Amino acid sequence: MIGTGYVGLVSGACFADAAHCQVVCVDSNVGKIEALERGEMPIYEPELGELVQRNVAAGRLRFSTDLPNSVQQAQVVFIAVGTPSRRGDGHADLSYVFRAAEAIGRSLRSPGFTLVVNKSTVPVGTARRVRELVARNAAPGARFEVVSNPEFLRQGTAVRDFMHPERVVIGVPSDREPAAVAQFAPGDGDHAHRALDPDQGSHFDAKECARMLMAKLYGPIARAKQVPILFTNVEEAELIKYAANAFLAMKLEFANEIADLCEVAGADISAVTHAIGLDGRIGADYLQAGPGFGGSCLPKDTRALARIAQEFWRPCRLVETVIEGNEARKRRIAQRIALAAVAERADMNQVYGRCIGILGLTFKAHTDDIRDSPAIFIVRELVELGARVRAYDPRVSHREVRQALGDEIELVQSVHEAAAGADVLAVLTEWPEFRETCAALGPQGLDKLMRQRVLFDARNLWRPVDWQGSGFTYHSIGRPTLYATADETVEKAALDTSPGAVHRFR
Ligand SMILES: NC(=O)c1ccc[n+]([C@@H]2O[C@H](COP(=O)([O-])OP(=O)(O)OC[C@H]3O[C@@H](n4cnc5c(N)ncnc54)[C@H](O)[C@@H]3O)[C@@H](O)[C@H]2O)c1
C-alpha cells in the first residue's frame with residue numbers, strides 16, 4: 001500500500017484483517033512510519049488503532065519507508081497517495097501519483113506479475129498515464145497491469161465503510177486496450193488457473209489475472225454482505241468516484257440553499273429535509289444544512305470534476321454552481337457569526353476586539369482532519385474582521401492549526417475555556433461533546449462564563465426550543481433565530497462599556 005494516510009492505512013489494515021493477506025503500508029513520511037512502528041496512530045479514526053494493533057500482532061501488517069523492496073515482494077500494489085487541488089486552477093495535482101508510478105515501475109519484480117491498483121481519486125485518463133509511466137520505468141519483461149479501484153470510505157466511519165461497502169468498483173482496461181506487457185500467444189488451457197500463474201508463460205492473461213486478484217482480495221468483504229463488485233472500464237471507474245462526490249456535494253449545497261429560504265419563510269429546515277429524505281428517490285444522507293461542505297474530498301473533487309469537464313468541452317454547470325455556492329456560504333456564515341457578536345448591528349467595524357468562542361475546527365466530527373475545513377475558513381474570516389478568536393476542538397493537532405491559521409487565535413483545551421468571556425459561542429463542528437458539555441453547564445453555567453448570551457449553532461446541535469426562555473439568543477441554520485427576552489439582555493449589555501455595546505434584540 002503506497003501512501004499510509006486515511007485511505008492507505010485503513011485499506012491496508014482492513015485487507016490484512018478481512019482477506020488475511022500480508023500487507024506492508026509504505027510511506028515517504030518517515031515520522032509517520034516510525035510512529036506506526038511504535039504503535040501510535042498518525043491519524044484519529046475510530047476503530048483503526050485496535051484493527052492495526054490486531055493485525056500487526058498477527059504478523060499480517062507492517063510498515064516501511066522502503067518502497068522498492070516492498071513492491072518487489074508484492075503481488076498487488078495499491079497507490080493511495082494524495083491528489084490535492086493544484087494551486088491556481090483547481091485541477092487534481094497528480095505529481096504524487098506519478099512519482100509513485102515511476103517508483104513502482106523501477107521496482108517491479110521480474111519475472112513475475114504485479115497488479116498495480118490506483119486507489120487515489122484521479123481524473124479520467126490517469127490510469128492510462130500510470131500504465132505508461134510504470135512501463136517506461138520497468139525492466140524489460142516485467143509483467144504488470146493497472147486497474148482503477150476508487151475508494152468511497154468516509155473519514156470518521158472509515159473502517160466500518162471499508163468493511164461494509166455498498167459497492168466495490170474495479171476499472172479494468174478494456175479488451176481493446178493492448179496488454180501492458182509483452183503480448184503472449186493465445187493458449188488453450190484452463191484460463192482460471194493459468195491466469196493466476198504467470199509462470200505458465202504463454203497462456204498468461206494479465207487482464208483476467210487482474211480481475212481475479214481483485215475479486216479474491218475483496219471476496220471476504222463483499223461475500224459477507226452480498227456487496228456487488230462492479231467491473232467497469234478504467235475511465236468509468238475514474239468518473240464514478242468524481243460523479244459520486246459531486247452528487248453528494250450537490251445535495252449538501254441544495255440543503256443549504258433551502259435552509260436559507262427556511263430562515264426567512266418561517267420554516268424549520270430539519271422538518272423539510274426529514275420529509276424529503278424519506279423519499280427513496282432522494283434519501284436522507286447528505287441533507288444536513290450547515291456551514292458549507294469541506295474536508296479533503298468534496299471541495300477538491302468538485303473542483304477537479306469541473307476542470308475535467310471543461311477540458312472535455314462538456315462543462316458541468318451544476319457542479320460549478322455548487323462550488324461557487326459553497327464558497328459564498330462559508331463567507332456568509334462567518335459574517336453571520338460576526339453580526340451575532342455585535343448583536344446584529346450591521347457595522348462590521350464593531351466586530352473589532354469582540355471575543356468569539358469557537359467549538360470545532362475539523363471539517364466534521366470524529367476526525368482530526370482540518371483540510372479544507374469550513375471552520376478554518378470561517379475563523380480566518382473572523383480574524384480578518386478583527387475578532388479575537390478562542391477555539392476548542394477535541395481532536396485537532398495544534399501544530400496543524402498553527403500552520404493553517406498562524407498565531408492569530410488562542411487554542412484552548414475545553415468548552416469552558418472557549419466560552420469564557422465570549423460575545424458569541426459558535427459551534428462549527430458537530431462533536432457530541434459540545435452538546436453534552438453545554439447541556440451539563442446549562443444556560444446559567446454558560447451565562448456565568450460568557451460576556452453575552454449569544455449562541456451560533458452552525459450544525460443545528462440543539463433545537464430552538466431547548467433555549468426558549470433561557471435568556472440566550474440562539475442562531476442556527478435554516479430556522480428563524482430565537483431572540484433573548486429584552487429585559488435579560490439589556491441587563492447584560494449594561495455591564496459592557498466597549499464601543500458597540502448597545503445591543504438591539506428583537
Ligand atoms: N480521505 C478520504 O476520506 C478519502 C476517501 C476516498 C478517497 N480518497 C482519496 O484517496 C487518496 C488519498 O487520500 P488520503 O486522505 O488518504 O491522503 P493522505 O494525505 O492522508 O495520505 C497520503 C499519504 O501518501 C504519502 N505519499 C505521498 N507520496 C508518496 C510516495 N511516493 N511514496 C510513499 N508515500 C507517499 C504521504 O506522505 C501521505 O502520508 C486521495 O486521492 C483522496 O482523494 C480519500
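Side chains included, hydrogens not; waters and symmetry mates left out as well; all remaining heavy atoms used. The first residue of the sequence shown is numbered 1, and numbering continues consecutively from there. Everything quoted here is computed from the prediction, not taken from an experiment. Counting starts at 1 for both ligands and their atoms, in listed order.
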I want to know if ligand 1 touches [X] in the polar sense, i.e. an N/O pair below 3.5 angstrom.
X: T121; result: yes
X: D301; result: no
X: F152; result: no
X: K241; result: no
X: Q155; result: yes

*Mark yes or no for whether N460, through its side chain, and I477, through its backbone, hold a donor-acceptor pair below 3.5 Å.*
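Checking the backbone N and O of I477 against the side chain of N460, a donor-acceptor pair under 3.5 Å is found.
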
*Using modelled atom types only, decide if a donor and an acceptor are shared between the side chain of K300 and the backbone of R86 within a distance under 3.5 Å.*
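Absent.
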
_Angle between ring planes, F162 versus F15, binned at 30° and 60°: parallel, tilted or perpendicular?_
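Plane angle over 60°, so perpendicular.
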
*E253 and Y286: side-chain donor and acceptor closer than 3.5 Å?*
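Their side chains do not contain a donor-acceptor pair, so the 3.5 Å distance test is not met.
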
*How does A80 reach ligand 1, if at all, at less than 4.0 Å between non-hydrogen atoms: by side chain, backbone, both, or neither?*
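For A80, the contact with ligand 1 is made by the backbone alone.
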
*Which one of D369, T429, L428 satisfies the side chain to side chain contact (heavy atoms under 4.5 Å, CB included) criterion with F363?*
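Exactly one option meets the side chain to side chain contact (heavy atoms under 4.5 Å, CB included) with F363, and it is D369.
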
*Run the numbers for me: atoms of ligand 1, each under 4.0 Å from some heavy atom of G3, listed by number.*
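Heavy-atom distances to G3 below 4.0 Å select 23 (C), 24 (O), 25 (C), 34 (N).
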
*Atom indices of ligand 1, in the order listed, that fall short of 4.0 Å to a heavy atom of K300*: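 Reading through ligand 1 atom by atom, the close ones are 42 (C), 43 (O).
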
*Axial cation check for F113 ring with R143, 6.0 Å and 45° limits*: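 The answer is no, since R143 fails at least one limit relative to F113.
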
